Amino acid sequence: MAGMDGTSGAPGGWDGKPLGRILIDRGDVSPAQVEEALLLQKRRGERLGEILCRLGHTDAEAIRRALVDQAAIARVELSGVQVEAEALAAVPAEMAFRFKVLPLAVEDRKLSVAMADPFDRLALETLRVTTGRRIARQYCPEAELTEAARRLYGSNVARMIADLDSETPAGAESSEEDLTHHLQELAAEPSIVNLVNLVIQEAIEARASDIHVEPFERAIRVKYRIDGMLHEVSPPPKKLAAAMVSRIKIMAGMNIAERFVPQDGHIAFAGPRAKVDLRVATVPTVFGECVVMRLLDRATAIIGLEDLGLDEAGRDNFSGLLERPHGILLVTGPTGSGKTTTLYAALNKIYTPAKKIITIEDPVEYQLDGINQIPVNPKRGLGFANGLRAIVRQDPDIIMVGEIRDRETADIAIRSALTGHLVFSTLHTNDAPGAVTRLVDMGIEPFLLASSLEGVLAQRLVRTICPHCRQPHHPEPQALERLGRTLTNGSAGSFYRGAGCRQCRQTGYLGRIGIFELLRITAPVREAILKGGSSTQVAAVAPADHKPMREDGYRKAAAGITTLEEVLRVTQDTQTEDALT
């Protein structure tokens, strides 16, 4: 960091107090830690602040605050501050976000700016040359400064859209060949390239799982799916729709000349933390091509089994199933309920170099070290069924099938489990007992299913209450009644909800966690399967510790993790409405 030793980047205003003494007085470090760093400084000649950070005694932000005090640089509070248009116009938005600065006021030949790092020489020199003014710096923490900059300048996408709205692309030529050439030229325009990049970048920053670009008659809508819910953002002008979609298709390796059939593609995007993979799918609609981009962030992809949301008993039971030498273990739920994430967490837990693990997926969402992963490729004749047949000949110990979609795949998976393999897969059912009847309906013989099935984990994802605006909440009696509960004096204080704030985009929720129903296949359950029992009959003989999904959701709501309304929203299709007492 520039100025880490307290001697650079501040031309005047030192109060004579050493940096180490300021840090001690502020309580950031102890005298012994400063002595240790000073001894190293004498031997190595490095800056004191850098040594303290490297030793882990403090962090860069604490050093920066101490340097600000040492240099007698004023601190500014930006919450609710209004800045004149002349000051904002003096510093381009791109420069403000890049150097983390915010212009505050213009006075004659002086420009006052707030800076997250007042000792950044490059930022100071760039501002001086760009504005032609003397720079008067003030300090503001980075998070507060960035929020104020977004409020005053607008989001990156909104600013660019405002600039592009006044531009009108040239009219489309008449022939199909000319139109394709015209779209290629438009998609290569720096303004369109930057717009698409910014849409993706802001979606990553907002923790979005999907980006939707939807054309309509008079508008094009852009939406981010955040924590399972769609949020619309500033829309580009309709005239940019074709160019924007063409740019996405070029990035994804698609054919931009073909606009009347669905296409799939892939984008590798360099995100702020790590590379983000985007699965891109287009479909033709009445008013143009609709695009959905699924964001697969490798930096946050793989989580541990303990982070899924299973309670201690459920985690122990599930871990026990993972240790079985053979059999089939299913994870069920609708699309987007986190089934693949659960299976990846399970594979990571049980992986050792002594085991050969092969997966077949559609598509391979995240790459797992040490595990052989096969992507389904229907165009070349590689589906789940024939891919699974090939996997069995590879002498695996553990097999993961991305999804059981038909009888053939189910039959091969179950027979693989019966011949000594541990098989994981997913299935679309509403609850855990429903997986039994679903497989029987596919044509699987009950005796084969009873012999091979070891467990079924049904799950949903519920939004978690935002910790920044969390507050006590008295639940509605009707919500409790739907869960088979009654409102008591003691229960009301256990529930919370989010009031809505900047961090959660005024939704009251931030992040998601799983709610689960784990059905272990015990002897009574196997007997019920053999007799062709319904899902209700299977659930009736489940182990004593079996609990329906809504029960797990209720417990998480009572613990202040989520809300009753959220639990009811995501479990509307489960067969547990009357299961609780």
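For this chain, numbers begin at 1 and follow the sequence in order. Quantities reported herein were computed from a predicted structural model and do not represent experimental measurements.
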Could you report the tightest heavy-atom contact between K238 and R218, atom names first, then the distance? CB-O, 3.9 Å
Side chains of R279 and L296: does their closest heavy-atom pair fall under 4.5 Å? yes
From K100 NZ over to E142 CD, what is the distance, rounded to the nearest 0.5 angstrom? 4.5 Å
Please give me the minimum heavy-atom distance between I211 and I200, naming the atom from each residue. CD1-CA, 3.9 Å
Is it the case that the side chain of Y344 and the backbone of I303 share a donor-acceptor pair, with hydrogens and angles ignored and the cut-off at 3.5 Å? no
Are any non-hydrogen side-chain atoms of I250 and I256 less than 4.5 angstrom apart? yes
What closest approach, in Å, do P118 and L124 show between heavy atoms, and which atom pair accounts for it? O-CD1, 3.6 Å
Please report the interatomic distance CG(L388) to CE(M400), rounded to the nearest 0.5 Å. 12.0 Å
Checking E403 now: which residues fulfil side-chain hydrogen bond (donor to acceptor under 3.5 Å, both in side chains) with it, not counting sequence neighbours? R405, H428
Is a side-chain N or O of T146 found less than 3.5 angstrom from the main chain of A143, in a donor-acceptor match? no
Does the salt bridge (charged side-chain N to carboxylate O under 4.0 Å, His left out) test come out yes or no for K223 and E214, once each step is laid out? CA-CA 8 Å; K223 303 174 184 177; E214 304 172 347; 3.2 Å; yes
Residues which pass salt bridge (charged side-chain N to carboxylate O under 4.0 Å, His left out) with K556, listed by chain and number, not counting sequence neighbours: D552
Carefully, step by step, assess E289 and R259 under the rule side-chain contact (heavy atoms from CB on, under 4.5 Å). CA-CA 7 Å; E289 290 179 278; R259 297 183 297 279; 3.5 Å; yes
Give a yes or no on whether a salt bridge exists between E232 and R221, defined as a side-chain N under 4.0 angstrom from a carboxylate O. yes
Side chains of M95 and T130 in contact at under 4.5 Å (non-hydrogen atoms): yes
We want to know whether E107 and S112 form a side-chain donor-acceptor pair, criterion being a heavy-atom distance below 3.5 angstrom. no
Apply side-chain hydrogen bond (donor to acceptor under 3.5 Å, both in side chains) to S246 and list each qualifying residue two or more places apart in sequence or on a separate chain. none
Check: K339 side chain, G333 main-chain N or O, donor-acceptor pair, under 3.5 Å: yes
Can you name the closest pair of heavy atoms from L145 and V101 and give their distance? CD2-N, 3.8 Å
We want to know whether T563 and Y509 form a side-chain donor-acceptor pair, criterion being a heavy-atom distance below 3.5 angstrom. yes
Just by distance, with hydrogens left out, do Q367 and Q373 show a side-chain donor and acceptor under 3.5 Å apart? no
Separation between CZ (R294) and CZ (R225), nearest 0.5 Å, reads 8.5 Å
So does E258 get a backbone contact from the side chain of K249, meaning a donor-acceptor N/O pair under 3.5 Å? yes
How close do E361 and P363 get, counting heavy atoms only, and between which atoms? CB-O, 3.4 Å
What I'd like to find out is whether the side chain of L104 reaches to under 4.5 Å of the side chain of L78, using heavy atoms alone. yes
Just wondering, do S209 and L295 contact through their side chains at under 4.5 Å, heavy atoms? no
Looking at CG of D117 and CZ of F99, how far apart are the two atoms once the value is rounded to the nearest 0.5 Å? 11.5 Å
Ignoring hydrogens and angles, tell me if any N or O in the side chain of T285 forms a donor-acceptor pair with the backbone of C290 under 3.5 Å. no
Salt bridge between R550 and E517, side-chain N to carboxylate O under 4.0 Å? no
Polar side chain donor-acceptor pair, R460 to S337, under 3.5 angstrom: no
Give me the atom names and distance for the closest heavy-atom approach of A346 to F318. CB-CE2, 4.3 Å
So, does R315 use its side chain to make a donor-acceptor pair with the main chain of L310 at under 3.5 Å? yes
Would T426 and I404 count as a side-chain contact (heavy atoms from CB on, under 4.5 Å) if you check the C-alpha gap in whole Å, the side-chain angles of each, and the deciding distance to 0.1 Å? CA-CA 6 Å; T426 68; I404 292 178; over 6 Å; no
Check the pair F119 / V68 against side-chain contact (heavy atoms from CB on, under 4.5 Å), numbers first and verdict last. CA-CA 9 Å; F119 308 106; V68 165; 4.2 Å; yes
Backbone N/O of G511 and side chain of T464: donor-acceptor pair under 3.5 Å: yes
Compare all side-chain heavy atoms of E565 with those of R497 and state whether any distance is below 4.5 angstrom. no
In a check of salt bridge (charged side-chain N to carboxylate O under 4.0 Å, His left out) between D227 and each of R463, R207, R569, R505, which one passes? R207
Quick check on side-chain contact (heavy atoms from CB on, under 4.5 Å): which of V261, V291, I248 does T282 satisfy it with? V291
Could you check L347 against I357 for side-chain contact (heavy atoms from CB on, under 4.5 Å), going step by step and ending with a plain yes or no? CA-CA 8 Å; L347 291 177; I357 303 176; 3.9 Å; yes
Could you tell me whether the side chain of D277 reaches within less than 4.5 Å of the side chain of Y366, counting heavy atoms only? no
For the atom pair CD (Q471) and CD1 (I465), what is the distance rounded to the nearest 0.5 Å? 10.0 Å
Side chain N386, main chain G383, donor-acceptor under 3.5 Å: yes
Among T429, D431, N430, find the residue that satisfies the side-chain hydrogen bond (donor to acceptor under 3.5 Å, both in side chains) test when tested with T332. T429
Is the NZ or CZ atom of R75 positioned over Y139's six-membered ring, under 6.0 angstrom from the centre and within 45° of the axis? no
Hey, what do you get for OG1 (T507) to CG (L510), rounding to the nearest 0.5 Å? 7.5 Å
Tell me if a side-chain donor or acceptor on E84 pairs with a main-chain N or O of A105 at a distance below 3.5 Å. no
Got L382 and F384 here, is their nearest side-chain heavy-atom distance under 4.5 Å? no
